[in-house]
There are 2 protein chains.
Amino acid sequence: MALSPKQKVYQEVLDAVRDYIEKNELKSGDKLPSEREMAEKLHAARSSVREAFRAMELLGLIETRRGEGTFISSYNSYQSVELLASFILREHDKKNDLMQAKVLLEKEAAKLAYFQLKKGDLIALQKIIKNTSINRKDQHVGFFQTIFDKADNLLLVKMWRLMQAYSQTIHKYSYDHSFYSALIELYKEKNYEAIENLFNEWLHVTYKKLSFTID
Amino acid sequence: MALSPKQKVYQEVLDAVRDYIEKNELKSGDKLPSEREMAEKLHAARSSVREAFRAMELLGLIETRRGEGTFISSYNSYQSVELLASFILREHDKKNDLMQAKVLLEKEAAKLAYFQLKKGDLIALQKIIKNTSINRKDQHVGFFQTIFDKADNLLLVKMWRLMQAYSQTIHKYSYDHSFYSALIELYKEKNYEAIENLFNEWLHVTYKKLSFTID
DNA sequence: AATATTTAGGTGGTCTGACCACTAATATAT
DNA sequence: ATATATTAGTGGTCAGACCACCTAAATATT
């Protein structure tokens with residue numbers, strides 16, 4: 001493993017695993033080579049392979065079962081993000097970036113979904129908003145999950161989920177209640193252009209607000 | 001390190017480090033105990049401590065300098081996002097999703113930059129487009145790198161760079177030449193609203209085109 | 001023959017101890 | 001006082017050794 005001298009071995013293992021997954025077209029749940037086998041294949045020590053594997057495990061990318069092996073995770077578990085947040089999110093300047101990016105994704109998803117939403121979907125959205133038995137965060141997630149489904153872009157929804165998880169430790173993770181109703185109303189009125197403005201207004205207000213609440 | 005039997009050692013190290021940081025009120029840039037010292041303190045092997053440290057490093061929580069020590073990271077919190085994204089992107093071969101997401105980011109960056117661009121910036125953009133000594137890909141990257149700089153959102157630019165890198169395996173990675181000129185023209189005319197439409201038109205055309213070229 | 005049991009090999013989990021490359025502070029020489 | 005060489009400490013990596021656990025094949029039991 002002495003090819004790229006500047007890079008650490010466990011970083012190279014990371015790349016190698018990614019290539020391996022792609023090359024062999026492995027999907028969620030498929031088995032990876034054992035630590036020993038991977039080490040031999042990459043001419044690295046097992047401990048180096050383990051450093052890479054443990055990091056990936058912590059990120060929820062792989063799943064490990066003692067006595068069985070290492071498997072590609074379905075990546076539904078975002079538990080790693082929680083740990084991240086507990087360390088990271090005291091850095092405030094990045095909170096703004098995160099919130100801004102998240103809102104942008106939600107805005108674009110809302111616009112993409114515009115062309116796909118049926119009447120039944122609108123009713124479903126309304127039901128989520130009116131359901132007071134779940135908390136606001138779950139309302140927000142449910143609401144936009146529906147929208148992202150209609151937007152039909154797997155990459156966008158994955159990025160959004162990640163940001164949503166990150167942003168959960170920040171106080172502001174949802175819009176005002178009136179926001180959701182306003183969006184639904186725009187869908188009903190078939191007012192595509194106004195969607196952009198609705199989000200942008202909220203974005204500017206919140207952006208400023210966050211700037212002043214930095215301690 | 002035999003107290004909590006069900007938990008892996010490197011997980012316990014993770015918790016211990018978090019407690020250590022909390023207890024000693026360490027801030028960004030502060031030094032952590034060495035791997036050997038931490039191992040002795042926690043009655044664990046150095047390799048186990050390393051597994052935890054490497055994972056934290058990958059998450060961007062700590063920074064490591066050979067010969068000096070391990071420090072609490074001050075920046076680069078988005079390192080993990082990059083890694084995650086690189087796996088997410090590989091997971092599915094939805095080229096359409098990727099292209100759509102990339103264009104969306106470029107569009108939003110163009111709109112964010114709108115409020116920051118000075119006359120000199122526009123000249124710089126024009127110079128990039130008129131420079132025929134570099135290939136189209138580098139023109140595209142240079143053009144939007146300038147725009148993303150003005151948009152001033154670290155997270156957005158990192159996501160974009162990643163997508164740009166991956167999209168290079170696809171044939172379409174840049175716009176028609178007239179597109180860039182048109183965008184500059186809109187900046188000059190201070191026509192904010194038209195930016196959205198410019199991108200959307202291109203997006204719809206390309207989206208359909210790609211739909212038919214999927215192998 | 002069908003079932004239950006034992007066994008052997010493979011896997012992750014952990015530890016020990018050893019080098020190497022690098023850095024910074026100390027000691028030494030100029 | 002300055003420049004140089006030494007040294008101790010640090011992360012980076014490796015090799016090899018156990019252990020606990022799981023699975024499947026070989027064996028024994030019915």
Side-chain angles (χ1 to χ4, degrees), chain A residues 1-17 20-21 24 26 29-73 77 79-80, chain B residues 1-17 20-21 24 26 28-74 76 79 83:
Chain A
M1 211 74 210
L3 298 179
S4 319
K6 286 298 174 189
Q7 184 148 250
K8 297 175 190 171
V9 173
Y10 89 91
Q11 289 274 6
E12 302 187 27
V13 172
L14 235 43
D15 294 338
V17 171
Y20 179 90
I21 292 174
N24 298 76
L26 298 189
D30 287 348
K31 191 171 178 304
L32 283 172
S34 74
E35 296 176 351
R36 289 171 177 86
E37 189 180 341
M38 189 68 84
E40 187 181 11
K41 192 177 300 189
L42 301 177
H43 305 295
R46 190 183 157 210
S47 57
S48 295
V49 173
R50 275 188 64 82
E51 289 182 9
F53 273 31
R54 267 354 94 210
M56 290 170 66
E57 183 181 56
L58 195 64
L59 286 169
L61 297 175
I62 60 175
E63 199 174 306
T64 263
R65 293 199 283 274
R66 167 188 251 166
E68 297 183 58
T70 305
F71 305 83
I72 298 180
S73 167
S77 53
Q79 76 276 22
S80 63
Chain B
M1 213 73 211
L3 298 179
S4 318
K6 286 296 172 188
Q7 187 150 238
K8 296 176 190 171
V9 173
Y10 88 91
Q11 289 275 5
E12 301 187 28
V13 173
L14 237 40
D15 294 339
V17 171
Y20 180 89
I21 292 175
N24 298 74
L26 299 189
S28 296
D30 288 347
K31 191 172 178 303
L32 284 171
S34 74
E35 298 175 352
R36 290 171 177 84
E37 188 181 342
M38 189 68 84
E40 188 181 10
K41 193 177 299 189
L42 301 178
H43 307 293
R46 189 183 157 211
S47 56
S48 294
V49 172
R50 275 188 64 82
E51 289 183 9
F53 273 31
R54 264 357 93 207
M56 290 174 66
E57 184 180 54
L58 201 62
L59 287 168
L61 301 175
I62 60 177
E63 196 174 311
T64 260
R65 294 199 282 274
R66 166 188 251 164
E68 297 183 57
T70 304
F71 305 83
I72 298 180
S73 177
S74 35
N76 280 6
Q79 188 176 339
L83 179 76

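Values reported hereafter were calculated over all heavy atoms of this structure, with side chains retained and with hydrogens, waters and symmetry mates removed. Naming convention: chains lettered A, B, ... in sequence-line order (proteins, then strands); numbering from 1 in each chain.
Rounding to whole angstrom units, NE2 of residue A/His43 and P of D/dT13 are separated by 16 Å. In this structure, the OH atom of A/Tyr10 is 17 Å from the C1' atom of D/dC14, given to the nearest Å. D/dA15 atom C1' lies 14 Å from atom CD of A/Glu40, rounded to whole Å. Protein atom CG of A/Leu42 is 14 Å distant from nucleotide atom C1' of D/dT13, rounded to whole Å.
In the model, B/Tyr10 has a side-chain atom that pairs as donor or acceptor with a side-chain atom of A/Glu57 under 3.5 Å.
Heavy-atom minimum distance, B/Ala39 versus B/Val49: CA-CG2, 3.6 Å. The two residues B/Pro33 and B/Lys41 come nearest to each other via the heavy atoms CG-NZ, 4.3 Å.
With contacts defined as side-chain heavy-atom distances shorter than 4.5 Å, the pair A/Ile72/A/Glu63 does not qualify. Using a 4.5 Å heavy-atom cutoff, the side chains of B/Arg36 and B/Glu40 are not in contact.
The side chain of B/Ser48 contributes an N or O atom lying less than 4.0 Å from OP1 or OP2 of C/dC15.
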Got a list of protein N/O to nucleotides 8-12 of chain D N/O distances below 3.5 Å?
from   : atom 1 : to      : atom 2 : distance (Å)
D/dG9  : N2     : B/Gly67 : O      : 3.1
D/dT10 : O2     : B/Gly67 : N      : 3.4
D/dG11 : OP1    : B/Thr70 : N      : 3.4
D/dG11 : OP1    : B/Thr70 : OG1    : 3.0
D/dG11 : OP2    : B/Glu35 : N      : 2.9
D/dG11 : N7     : B/Arg36 : NH1    : 2.9
D/dG11 : N7     : B/Arg46 : NH2    : 3.4
D/dG11 : O6     : B/Arg36 : NH2    : 3.0
D/dG12 : OP1    : A/Lys8  : NZ     : 3.1
D/dG12 : OP2    : B/Arg50 : NH1    : 3.1
D/dG12 : OP2    : B/Arg54 : NH2    : 3.4
D/dG12 : O4'    : B/Arg66 : NH2    : 3.3
D/dG12 : N7     : B/Arg46 : NH2    : 2.8
D/dG12 : O6     : B/Arg46 : NH1    : 3.2

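Of the options B/Glu37, B/Glu35, B/Glu51, a side chain to side chain donor-acceptor pair (under 3.5 Å) to B/Arg46 is made by B/Glu35 and by none of the others.
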